[in-house]
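Have a look at the structure below before the remarks.
Lettering follows sequence order; numbering is per chain, from 1. What you see is a predicted model, and the numbers here were worked out from it, not measured in a lab.
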Protein chains: 2
Amino acid sequence: MNVPALRSPNAALVLDLLRTADETGISRLELAERTGLTPQAVSKITARLRSEGLATEAGHRASTGGKPRTVLRLVPTAGYAVGVHLDRDELTTLLTDLAGTVVARRTRALDLGAGAGPVLDAVTEEVRGLLSGPTAGAVEPAREPAHERTPTLTPAVPTPAPAPTSVLGVGVAMPGPLDHRAGVPGRVTGFPEWEGHPVREELARRLGLPVVLDKDTNAAALGLAVRPAAPGSFAYVHLGTGLGAGLVLGGAPLRGDRTGAGELGHQTVQLDGPPCGCGGRGCLEVLCLAAVARGDAAGAARILGAGAANVVRLLDIDQVLLGGRLVLAAPEVFAGGVREVLAGLGLPAPVSVAGERDTVAEGAAWLVLTPIFGK
Amino acid sequence: MNVPALRSPNAALVLDLLRTADETGISRLELAERTGLTPQAVSKITARLRSEGLATEAGHRASTGGKPRTVLRLVPTAGYAVGVHLDRDELTTLLTDLAGTVVARRTRALDLGAGAGPVLDAVTEEVRGLLSGPTAGAVEPAREPAHERTPTLTPAVPTPAPAPTSVLGVGVAMPGPLDHRAGVPGRVTGFPEWEGHPVREELARRLGLPVVLDKDTNAAALGLAVRPAAPGSFAYVHLGTGLGAGLVLGGAPLRGDRTGAGELGHQTVQLDGPPCGCGGRGCLEVLCLAAVARGDAAGAARILGAGAANVVRLLDIDQVLLGGRLVLAAPEVFAGGVREVLAGLGLPAPVSVAGERDTVAEGAAWLVLTPIFGK
DNA sequence: TGCACTTTGGCAACAGCGTTGCTTAAGTGG
DNA sequence: CCACTTAAGCAACGCTGTTGCCAAAGTGCA
């Protein structure tokens, strides 16, 4: 740990405060108070950030008897990130700015089981299309309106055409198991064709951009963790085609030794329950999906609640966030059911539905943005 | 984060390498290689540590063609720590040196249910006795042999009377729930008298030493985590009068938001199982202890294995360590049973019995030592 | 025995970081 | 109009680990 090692953490800390500040921005003195640094150091750091184009002055606060505080803001157009969500039957690609705001978005049908080759072809095509779109022409600036060139492109925000600038990288989220360090999937559930394919390397080569790979639930949890008012520790429980969880402890996602953390679906909750393909019995996923299949969402919610309670107790966490297609189909049933189980056990953790349509893809983009903010 | 902030982490890192080095010690160049610092920086840091009495030169390596490397060692007598284990029926107090080696040890019967007053009286008495013993006369040096003054004192190592020196603090481990930040127990299982009693503060005042309080399983896990060859992540599963776990992730114990992490006993593993006092059904502890009670240790081991598998999967960890009285009564039965369940689920995590008589008390001492080594 | 060679580890000068002390700038309110 | 308050920059400083250089201490060959 050498001295320049101080530079990035402190600058990242300041940058993160700029990011999470409310819309009015944040002044140097407020930064100093919240970082514990002296106002002088903050001045130095913000001067560097401004010269790098990452921050800017944006107006003044009302005076309280002296010189009014100058307000600083993050410059969201200083960088962009691509988020890719490889779901079992759908490919979502989106572009976010430095603040994580979605600038452009694409979707298309996908067969994940087709294997790495065709899927990576599709990803390459979608990312290229996204980047050559009108909103951030890093690769190939173009002026045509979105709907003429790329029918599926839907600008989420009517941004006044941000200047072309750098795309920092591509975050890819897909079902596990996989190794996020090596960027290589394992036997992706049901699709052994993926095992060992160097996805990160190949995509990085094709796109000429840094690529980060992670499990879908981890990405979703990361995306939720970076929200300004996010709790420090929580479990994101995702009930879609399968059941998984993303765990955030002390602000950082927990990946475990093999990127496998958050495996909630194969928790044993019924020792003598029905056998599961995993080799166990009474797995949470099997029981929960069976209840859904027979139309008993409330029953599924109670079973899910027992699983969530196990996690809350084991990790002593603050909050449970729910998401995934099945949850979104009946949000109140699931939130209420899980809440009831937790309350019955005297666990104070609040339960809410947080996962939305693009939660995973946005989280994937955050895989790229997160290091900049020291997370 | 200011510049001196670099000093402690780097010095702590070096100190930790000195601690975990093999018996021959470690040279400056080896320290440089393993820390990533330059040899010069290591020279500076080790010079400081030597001047503070924490490190010393201890011989030379064989030359490999030039000046032979000078070997450095930690000076274990540079500081001592007290570890206190408040078990339900027993009080263990021990003194360790800076390397964590037990120097002196005391035990006496205890009724934890008697409440904070009498128990803290006993702790105070034991700690004072320990410190005025012959091995480390910080409070009251004495020359009498151990067996004459303090019958229960058993020097673990025939140390040649280390010079009186500083006792860094007292670590206290007890059953939860409790708040390790405030140093205040909650409703200690079965003994509501403890709730809200300012244990840390009161002991610190009585003994005139810093006091750290933590849950027994967390302390045990910490003690196991600091061993030189310890895995980076593991679960320590303790089956004694109750069932609990200590979780170590990336080298650090996980305490959670309210020091409650590791609550394994009330994991639901049988949705329609027998009701438990906690409000749930089919809790792991209830099922496991019931199996033990009917003499079915192998069955208890299988149930415990299911719980351990849930933890291993959820956190994606390396290893499972077992401890606690019931496990120690039939170590092979439990280790074998848990191992079998994990193997049947395709989980590669090795299982071993690690908890011994003083695991918790030694871990408690490490609560004090750990900050010195940057852990 | 002598000398070239290798390696260790200390000394001195250096660059980078945040801090302290002071000054200037920009408002408010009597 | 002026005293007062607050913000923020400039200069000097102390601390860190780094680089460049050199002395010390061994080995091994002639």
Side-chain angles (χ1 to χ4, degrees), chain A residues 1-18 21 24-52 54-73 372 374, chain B residues 1-18 21 24-52 54-73 372 374:
Chain A
M1 199 195 291
N2 54 17
V3 175
L6 276 181
R7 180 174 178 157
S8 16
N10 282 350
L13 184 57
V14 168
L15 211 53
D16 195 48
L17 288 174
L18 288 172
T24 66
I26 185 168
S27 75
R28 289 178 178 79
L29 251 71
E30 288 157 9
L31 287 169
E33 282 163 22
R34 299 195 44 187
T35 56
L37 297 170
T38 60
Q40 283 304 331
V42 171
S43 270
K44 254 190 192 172
I45 290 168
T46 54
R48 265 199 308 261
L49 294 176
R50 282 192 297 152
S51 80
E52 290 165 7
L54 292 169
T56 186
E57 299 193 338
H60 299 270
R61 293 234 192 285
S63 168
T64 57
K67 179 175 174 179
R69 302 184 175 190
T70 310
V71 158
L72 299 169
R73 269 197 323 106
I372 300 173
Chain B
M1 198 196 293
N2 52 19
V3 174
L6 277 181
R7 179 172 179 161
S8 15
N10 282 350
L13 184 57
V14 168
L15 212 52
D16 195 48
L17 288 175
L18 288 173
T24 66
I26 186 168
S27 76
R28 289 177 178 79
L29 251 70
E30 288 157 11
L31 287 170
E33 282 163 22
R34 300 195 42 186
T35 57
L37 296 170
T38 60
Q40 282 305 329
V42 172
S43 270
K44 255 189 192 173
I45 290 168
T46 53
R48 266 200 306 263
L49 294 176
R50 282 193 297 152
S51 79
E52 290 164 7
L54 292 169
T56 187
E57 299 193 338
H60 300 269
R61 292 234 193 286
S63 169
T64 57
K67 180 175 175 180
R69 302 186 174 190
T70 310
V71 158
L72 299 170
R73 271 198 322 106
I372 299 172

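Whole-Å rounding puts the L13(B) CG to dT16(D) P distance at 16 Å. To the nearest angstrom, C1' of dG10(C) lies 13 Å from CG of L29(B). Computed from coordinates, the L31(B) CG to dG9(C) C1' distance equals 13 Å when rounded to whole Å. Straight-line distance from the NZ atom of K44(B) to the P atom of dA13(C): 13 Å, rounded to whole Å. Taking atom CD on E30(A) and atom C1' on dA8(D), their separation rounds to 14 Å, with Å as the unit. E57(B) places its CD atom 11 Å from the C1' atom of dT8(C), with the value rounded to the nearest Å. Rounded to whole Å, the distance from CZ on R69(B) to C1' on dA25(D) is 15 Å. Between I45(A) atom CD1 and dT19(C) atom C1' the separation is 12 Å, expressed in whole Å.
T70(B) comes within 4.0 angstrom of sugar-phosphate atoms only, judged by non-hydrogen atoms across all strands, and of no base.
Judged as a salt bridge (charged side-chain N to carboxylate O under 4.0 Å, His left out), and not counting sequence neighbours, the contacts of R69(B) are E30(B).
Dashed line: the shortest gap from a side-chain N or O of S43(A) to OP1 or OP2 of dA8(D) is not under 4.0 Å. Taking only side-chain nitrogens and oxygens, R48(B) comes nearer than 4.0 Å to OP1 or OP2 of dG17(D). Side-chain nitrogen and oxygen atoms of R28(B) include at least one within less than 4.0 Å of the OP1 or OP2 phosphate oxygen of dG10(C). Residue N10(B) places none of its side-chain N or O atoms closer than 4.0 Å to OP1 or OP2 of dT16(D).
The K67(B) side chain lies nearest to dT8(C) when the options are dT8(C), dT18(D), dG26(D). Among dT19(D), dG10(C), dG18(C), the nucleotide with an atom closest to any side-chain atom of L37(A) is dG18(C). Comparing atom distances between the P68(B) side chain and each of dA26(C), dA25(D), dT8(C) picks out dA25(D) as nearest.
A donor-acceptor contact under 3.5 angstrom links the side-chain atoms of Q40(B) to the base of dG10(C).
If S27(B) and A41(A) are placed on DNA chain C by their nearest nucleotide, the residue sitting closer to the 5' end is S27(B).
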The test is side chain to side chain contact (heavy atoms under 4.5 Å, CB included); show your working for L72(A) and E57(A) and say whether it passes.
CA-CA 4 Å; L72(A) 299 169; E57(A) 299 193 338; 3.6 Å; yes
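Within 6.0 Å of CZ in R61(B) there are more than 12 heavy atoms belonging to other residues, nucleotides or ligands.
Heavy-atom minimum distance, G25(A) versus R73(A): CA-CG, 4.2 Å. Residues S43(B) and T46(B) approach most closely at O-OG1, 3.0 Å, considering heavy atoms.
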